[in-house]
Amino acid sequence: MLQNLQIDWLKCFVAVVDTGSLSSATGEVHRSQSAISMQLKKLEEAVGRRLLDRGPRKLLLTQDGQMLLGYARRILDLQAEALSALHGDELTGRVRLGVPDDYATRYLTPVLKRFAPKHSGVEIELNCEQSPALIPRVARGELDLALVSRDHARRGTLLFHEPMVWVGSPQFELWRRDPLPIAVYEEASLARRGAIQSLAQQGRRYKVVYNSSSLAGQIAAVDSGLAVAALTQCSAPPHLQVLGAAHGLGPLAPMEVAVYRSRESRGNKAVDTLHGLLIRTLRQST
């Protein structure tokens, strides 16, 4: 006989999926690892399906787990909405949020359009910088949340993989040059590292002719015929030409886009709400 799905079971299930492991989920639901394991066992017994498999580094959703995840998020959202309506709790406070230029318009704007009308009492302080600058600011507690290209697998909650592409101006055939002129971000940039690694694997000679920490600077360098560049697919303007194997340029590793949260913001309801909305809106099944 099927049992009712208890809220605590679903909270633990979603927390484990979002954080990737039982140990990481402990801070989200304020339960011990053994207690979370027990809640997951009860949930699997209730639905009569295996929901999670243990992978080499983290727990992975089964097909049934993927199906239940969407329902679990909706149930938890409705519960929070119902409690807020009954108690008249208006969310207030400030959220210090960071995002790189290339993710702001495509990914962050739709989330804020959903968040702002419902929570007008929350002030959003937006900081636009590249991921290498945002990550230490979150770690130091200077920012509450940031949407970043993560630098290792345990950095924040993985949302999706963003493809990287080579771009050039169709007015110039810079890809024919040897060495190849390239525009790059700062030294710590994963995009820069990925571009140089791709060229090295091909044995393609290159020359860095332009450095800029901003997306606008990268696009300007390409537009003006100074260089080709490696950009996130979401930020590549349609007027630029995407370059590939036909132009002698190999593939680029995608970026792992994650939402990274400071320890100091734990328990802040405004941050909790925006953090959850970012995950529900942007997280893709992997």
Side-chain angles (χ1 to χ4, degrees), residues 1-87 89 91 107 110-111 114-115 118-119 145 147 150 152-162 254 256-261 263 265-286:
M1 182 178 177
L2 295 178
Q3 303 178 44
N4 291 330
L5 301 182
Q6 295 188 19
I7 292 295
D8 285 347
W9 300 347
L10 297 177
K11 283 182 178 178
C12 288
F13 174 57
V14 170
V16 168
V17 171
D18 287 345
T19 61
S21 68
L22 295 177
S23 58
S24 298
T26 57
E28 295 289 327
V29 295
H30 308 293
R31 289 177 179 268
S32 67
Q33 189 170 330
S34 59
I36 294 174
S37 180
M38 182 59 68
Q39 298 288 69
L40 292 178
K41 183 179 179 182
K42 290 179 180 178
L43 179 59
E44 289 184 327
E45 289 174 350
V47 299
R49 297 285 191 277
R50 187 169 183 81
L51 303 174
L52 294 161
D53 286 328
R54 187 172 296 279
R57 292 187 178 180
K58 66 176 184 177
L59 293 172
L60 303 173
L61 281 169
T62 64
Q63 188 172 354
D64 289 318
Q66 289 179 337
M67 183 184 299
L68 180 62
L69 181 61
Y71 290 108
R73 293 194 193 281
R74 286 161 57 188
I75 291 168
L76 294 177
D77 282 348
L78 283 172
Q79 186 216 28
E81 186 177 329
L83 290 174
S84 178
L86 287 169
H87 293 285
D89 294 334
L91 208 59
Y107 299 119
V111 175
R114 291 179 58 190
F115 182 86
K118 291 183 179 180
H119 308 293
L145 292 173
L147 196 63
R150 68 180 184 179
H152 64 73
R154 296 183 66 84
R155 180 81 68 195
T157 299
L158 177 64
L159 302 176
F160 57 90
H161 290 82
E162 176 65 28
E256 290 190 345
V257 182
V259 57
Y260 183 36
R261 178 176 186 171
R263 291 182 178 275
S265 71
R266 302 286 182 187
N268 182 315
K269 290 186 177 180
V271 179
D272 288 346
T273 303
L274 182 54
H275 180 251
L277 183 60
L278 282 164
I279 292 172
R280 292 192 300 275
T281 305
L282 299 179
R283 197 172 202 270
Q284 300 172 0
S285 297
T286 56

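Everything quoted here is computed from the prediction, not taken from an experiment. The figures here come from the full heavy-atom set of this structure, side chains too, leaving out hydrogens, waters and symmetry mates.
Annotation for N268 and R261: closest pair O-NH2, 3.9 Å, computed over non-hydrogen atoms. The two residues A72 and V14 come nearest to each other via the heavy atoms CB-CG2, 3.8 Å. Residues H161 and P254 approach most closely at CB-CB, 4.3 Å, considering heavy atoms. Residues L158 and R283 approach most closely at O-NE, 3.2 Å, considering heavy atoms. In terms of heavy atoms, D272 sits closest to S265 at OD1-O, 4.5 Å. S32 and T26 make their closest contact through C-CG2, 4.0 Å (heavy atoms, listed as atom of the first residue, atom of the second, distance).
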Could you list the donor-acceptor pairs under 3.5 angstrom formed between side-chain atoms of residues 42-49 and any protein atom two or more places apart in sequence or on another chain?
from: E44; atom 1: OE2; to: L51; atom 2: N; distance (Å): 2.8
from: E44; atom 1: OE2; to: L52; atom 2: N; distance (Å): 3.4

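The distance from atom CE of M38 to atom SG of C12, rounded to the nearest 0.5 Å, is 11.5 Å. Interatomic distance, R74 CZ to Q79 CD, rounded to the nearest 0.5 Å: 15.5 Å. To the nearest 0.5 angstrom, M67 atom CE is 9.5 Å from T62 atom OG1. Here the straight-line distance linking atom CG of L159 with atom CZ of R150 works out to 9.0 Å at 0.5 Å rounding. Rounded to the nearest 0.5 angstrom, L60 CG and Q66 CD are separated by 9.5 Å. Annotation: the span from D53 atom CG to Q63 atom CD amounts to 11.5 Å, rounded to 0.5 Å.
For E162, there are no salt bridge (charged side-chain N to carboxylate O under 4.0 Å, His left out) partners at least two apart in sequence or on another chain. In this view, R114 and L277, T281 satisfy the side-chain contact (heavy atoms from CB on, under 4.5 Å) rule, not counting sequence neighbours.
Contact check for I279 versus R73: side-chain heavy atoms found under the 4.5 Å cut-off. The side-chain heavy atoms of K269 and L91, taken from C-beta on, include a pair separated by under 4.5 Å. Two residues are said to be in side-chain contact when any heavy atoms from C-beta on lie closer than 4.5 Å; F13 and L61 meet this criterion. You'll find the side chain of V16 stays beyond 4.5 Å of the side chain of V29, heavy atoms only. D8 is listed as a side-chain neighbour of R31, based on a closest heavy-atom distance under 4.5 Å. At a threshold of 4.5 Å between non-hydrogen side-chain atoms, the residues T157 and L278 do not count as touching. Between Y107 and L147 the shortest side-chain heavy-atom distance falls below 4.5 Å. Contact check for L59 versus V17: no side-chain heavy atoms found under the 4.5 Å cut-off.
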Apply side chain to side chain contact (heavy atoms under 4.5 Å, CB included) to residues V257 and L282 and explain how you reach the verdict.
CA-CA 10 Å; V257 182; L282 299 179; over 6 Å; no
